[in-house]
Every structure is written in structure tokens, then in C-alpha cells.
**Q** 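Before anything else, here's the structure in question.
No experiment lies behind these values; they were computed from the predicted model shown. All chains are named by letter (A, B, ...) in the order of the sequence lines, taking the proteins before the strands, and each is independently numbered beginning at 1.
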There are 2 protein chains.
Amino acid sequence: MGTTKSEGFSEEVNELASLFKAMGHPARIAIIQFLRTQEKCICTDLVNELPLAQPTISQHLKELKNAGIIQGSVSGTSICYCLNLEKISALDAFLASLKYDQNPTCC
Amino acid sequence: MGTTKSEGFSEEVNELASLFKAMGHPARIAIIQFLRTQEKCICTDLVNELPLAQPTISQHLKELKNAGIIQGSVSGTSICYCLNLEKISALDAFLASLKYDQNPTCC
DNA sequence: TTATAATATCGTAATATTGCAATATAACAA
DNA sequence: TTGTTATATTGCAATATTACGATATTATAA
């Protein structure tokens, strides 16, 4: 136990869950919000922006990257991280569908 | 350590993170998807639907409820759980805003 | 009242996550 | 080369999450 049980759930459900999970941390939401405002997104800026140590931020960036929510391209000594709109759209589509399919007679 | 650091992040960031976190589990996504299709949403149905034991499902329902993503109203021996569209919309709005604010020159 | 059915809570073992200091790596500058 | 700057990795202690059996609770049925 302690492990999340993924067998018995559809691929789609597991994929959505892991994307939401990747966004389920304030540091990672803050990173995403920051990326949105930046032309060039360098990790040093984040170290100055977030109340966390550099290794911790690096770890959060890695999780977002593993989930496919951000993409990073090396650019000399620094790295340009950007949002991957495909994944964002997948989550957005799921949430939007919930709004429209809602049974109005329930609760 | 081990605790998520929430000081130093805005209220909004913390709230979004905790909503995403609540959705970051396959069982909880499956619950949400199931609720969407049901007129009456009773936990017993979920027990037959999900590959998890009843106490585990009850626990996941509680987490969704604590996050405000679902609402439950007692109805005799059973409970009618429903989606709270307000929270769903908050997440949806956040994701939608990411799509539109994206800097096209980045990456 | 007693039984039954639906759901919640408790306790606990297994595992995962978080945060950071220390250290490594990699690219560029002097 | 040596230094410097930006980022990643490692190792680890503290805490959180997950799953479930056992048990409690609560509402109705008999």
C-alpha cells in the first residue's frame, strides 16, 4: 500500500490524473503562472521569485516536464522552459466537458 | 519536511493547487466521470464500478468533498454526490487563461 | 426490537512526496 | 586553464498519501 492503484482504470483516467497531480502543488502552479508572463523563462528568475531553494525548484520543474506540462530547451548556460499547450488543452477539455454534461436534476 | 510549503504563495495559487491535487488520483477522476453519467449517485454503485474497497472509495469521496469539488446530500440510507460546477469552472478558467496568454515567441 | 444495507471512521503498514544541503555537471568568460 | 554562473542530481529526514480490514454509525425493513 501507499502506492496509487492504476490497474483497473482506463488509460485516459490515469493520464488525466497524472496531469492533474503534476499541477497539484503551489510551487508548480506558481511556476506555470510565472512562465506565462515571461518572454524568456530562466530558472534563476524562479529562484528569485519562489520561496524555495534552487534544488527544490529544479525538482518541481522536472516533475512538470515529466508530466509533459512544460518543455525545456537548452539555451547556453540557461534553459528556456515553456508551457505545452497540448496537455493544458487536454485538461481544459475534460473540465469543460464536465460543465456541459452535468445532469441538471441531480442535487 | 515532507510538508508542502504554502507560505509565500498567494491564496489563489494555493487554492488552485489544492483543487488540482484533489483531482490528481485515478480513483477520483473515475468518480468524477461516473458522477457525470448518473442521475442518482450512490456510493454502492461506485463500489461496483471501481477496483477499490469501500473504505478507500469513501476516503476519496471525502477528499473531493473537502476540496469542494463534489457535494453530497443525504438521501435515506444512501448519499447523492454531485459535482460542484463552481470549482470546476475555477480550474477551467485558469487553464483557459493559460492558452490565451501564451507568448508565441517562446520556445 | 432485530436484522440488514449503505456509508463513514479508525488503525496501520507500505510507499510517495517534499524540501534542502551538499555536490556534480556543463557552458561560458577571463 | 581557472573561475563563475546556471542548473541538475544525490541523499536523506520529515511528513503525507494510499489502501484496506475491522469496526462504527445510521436509516430503513421485517
Side-chain angles (χ1 to χ4, degrees), chain A residues 1-9 13-14 17-31 34-35 38 40-67 70-82, chain B residues 1-9 13-14 17-31 34-35 38 40-67 70-82:
Chain A
M1 291 151 217
T3 324
T4 293
K5 205 166 167 180
S6 58
E7 328 88 65
F9 296 105
V13 163
N14 281 310
S18 81
L19 288 175
F20 280 124
K21 186 179 181 185
M23 299 189 72
H25 191 290
R28 297 197 289 268
I29 294 292
I31 288 171
F34 187 73
L35 285 191
Q38 298 300 303
K40 295 248 169 184
C41 347
I42 292 160
C43 181
T44 314
D45 296 340
L46 284 170
V47 172
N48 299 327
E49 199 74 16
L50 305 184
L52 293 168
Q54 179 268 324
T56 307
I57 294 173
S58 188
Q59 194 178 269
H60 285 302
L61 285 167
K62 192 179 177 182
E63 268 176 85
L64 287 171
K65 205 171 156 190
N66 286 343
I70 64 174
Q71 301 166 316
S73 56
V74 180
S75 160
T77 324
S78 51
I79 288 203
C80 178
Y81 277 116
C82 310
Chain B
M1 295 150 214
T3 323
T4 293
K5 204 167 169 180
S6 57
E7 327 87 65
F9 296 106
V13 163
N14 280 311
S18 81
L19 289 175
F20 280 124
K21 185 180 181 185
M23 301 190 71
H25 190 288
R28 298 197 286 270
I29 294 291
I31 287 171
F34 187 73
L35 286 190
Q38 298 300 303
K40 294 251 167 182
C41 349
I42 291 159
C43 182
T44 315
D45 296 340
L46 283 170
V47 172
N48 299 326
E49 201 71 18
L50 304 184
L52 293 169
Q54 179 268 322
T56 307
I57 294 172
S58 189
Q59 195 176 271
H60 284 302
L61 285 167
K62 192 179 179 183
E63 267 176 85
L64 286 171
K65 205 172 157 189
N66 286 343
I70 64 174
Q71 300 166 315
S73 56
V74 179
S75 160
T77 323
S78 51
I79 289 201
C80 178
Y81 276 116
C82 312

**Q** Determine whether A/Thr4 and B/Pro26 make a side-chain contact, defined as any pair of heavy atoms from C-beta on separated by less than 4.5 Å.
**A** yes
**Q** Going by side chain to side chain contact (heavy atoms under 4.5 Å, CB included), name the residues that satisfy it together with B/Leu46, two or more places apart in sequence or in a different chain.
**A** B/Ile31, B/Phe34, B/Leu50, B/Ile57, B/Leu61
**Q** Over its full length, what angle do the end axes of the helix from C/dT1-D/dA30 to C/dA30-D/dT1 make, each axis taken from five pairs and the result rounded to 10 degrees?
**A** 10°
**Q** To the nearest Å, give me how far apart NZ (A/Lys62) and C1' (C/dT17) are.
**A** 14 Å
**Q** Between C1' on D/dT25 and CD1 on B/Ile79, what's the gap in Å once rounded to a whole number?
**A** 12 Å
**Q** Can you pull out the residues from residues 51-61 of chain A that lie within a 4.0 Å heavy-atom distance of DNA chain D?
**A** A/Gln54, A/Pro55, A/Ser58
**Q** With the criterion being N/O to N/O and under 3.5 Å, what pairs connect the protein with nucleotides 28-30 of chain D, and how long is each?
**A**
none

**Q** For B/Ser6 and for A/Thr4, locate the closest nucleotide of DNA chain C by heavy-atom distance; then report the residue assigned to the nucleotide nearer the 5' terminus.
**A** A/Thr4
**Q** If only side-chain N and O atoms of B/Thr44 are considered, is one of them under 4.0 Å from the OP1 or OP2 phosphate oxygen of C/dA5?
**A** no
**Q** Write down the distance between CD (A/Glu49) and P (D/dA6), rounded to a whole number of angstrom.
**A** 16 Å
**Q** Looking only at side-chain N and O atoms, does A/Tyr81 come under 4.0 Å of OP1 or OP2 in D/dA8?
**A** yes
**Q** What's the CD1-P distance between B/Ile70 and C/dT7, to the nearest Å?
**A** 12 Å
**Q** Show every side chain to side chain donor-acceptor pair (under 3.5 Å) that has at least one partner inside residues 51-64 of chain B, sequence neighbours left out.
**A** B/Arg28-B/His60, B/Arg28-B/Glu63
**Q** I'd like to check the side chain to side chain contact (heavy atoms under 4.5 Å, CB included) partners of B/Ser6; sequence neighbours left out, ordered by chain and number.
**A** B/Asn14
**Q** Can you sort out the partners of B/Leu19 under side chain to side chain contact (heavy atoms under 4.5 Å, CB included), two or more places apart, ordered by chain and number?
**A** B/Glu15, B/Ala67, B/Ile69, B/Lys87, B/Leu91
**Q** Please report the interatomic distance CG(B/Leu35) to SG(B/Cys82), rounded to the nearest 0.5 Å.
**A** 7.0 Å
**Q** Counting distance only, does the side-chain N/O of B/Lys5 pair as donor-acceptor with the main-chain N or O of A/Pro51 below 3.5 Å?
**A** yes
**Q** Can you measure A/Glu7 atom CD to D/dA19 atom P for me and round it to whole angstrom units?
**A** 9 Å
**Q** Of all heavy-atom pairs between B/Leu52 and A/Phe9, which one has the smallest distance, and what is that distance?
**A** CD1-CZ, 4.0 Å
**Q** For a quick test of reading the model, state the closest non-hydrogen atom pair linking A/Phe20 to B/Ile29 and the distance between them.
**A** CD1-CD1, 3.5 Å
**Q** Between B/Lys5 (NZ) and D/dA16 (P), how many Å, whole number?
**A** 15 Å
**Q** By side chain to side chain contact (heavy atoms under 4.5 Å, CB included), which residues pair with B/Thr3, not counting sequence neighbours?
**A** none
**Q** Can you work out whether B/Gly2 or A/Gly2 has the more 5'-proximal nearest nucleotide on DNA chain C?
**A** A/Gly2
**Q** Please report the distance, rounded to the nearest Å, between CG in B/Leu46 and C1' in D/dA19.
**A** 16 Å
**Q** Kindly state which residues belonging to residues 22-30 of chain B come within less than 4.0 angstrom of DNA chain D, counting heavy atoms of the residue only, listed by number.
**A** B/His25, B/Arg28
**Q** Can you tell me if the side-chain N/O atoms of B/Lys21 get under 4.0 Å from OP1 or OP2 in D/dT17?
**A** yes
**Q** Looking at B/Gly72 and B/Ile79, what are the two nearest heavy atoms and their distance?
**A** CA-CG2, 4.2 Å
**Q** For B/Val13 and A/Ala30, work out which heavy atoms get closest and say how close.
**A** CG1-N, 4.1 Å
**Q** Expressed in angstrom and rounded to an integer, what is the separation of A/Asn66 atom CG from C/dT18 atom P?
**A** 13 Å
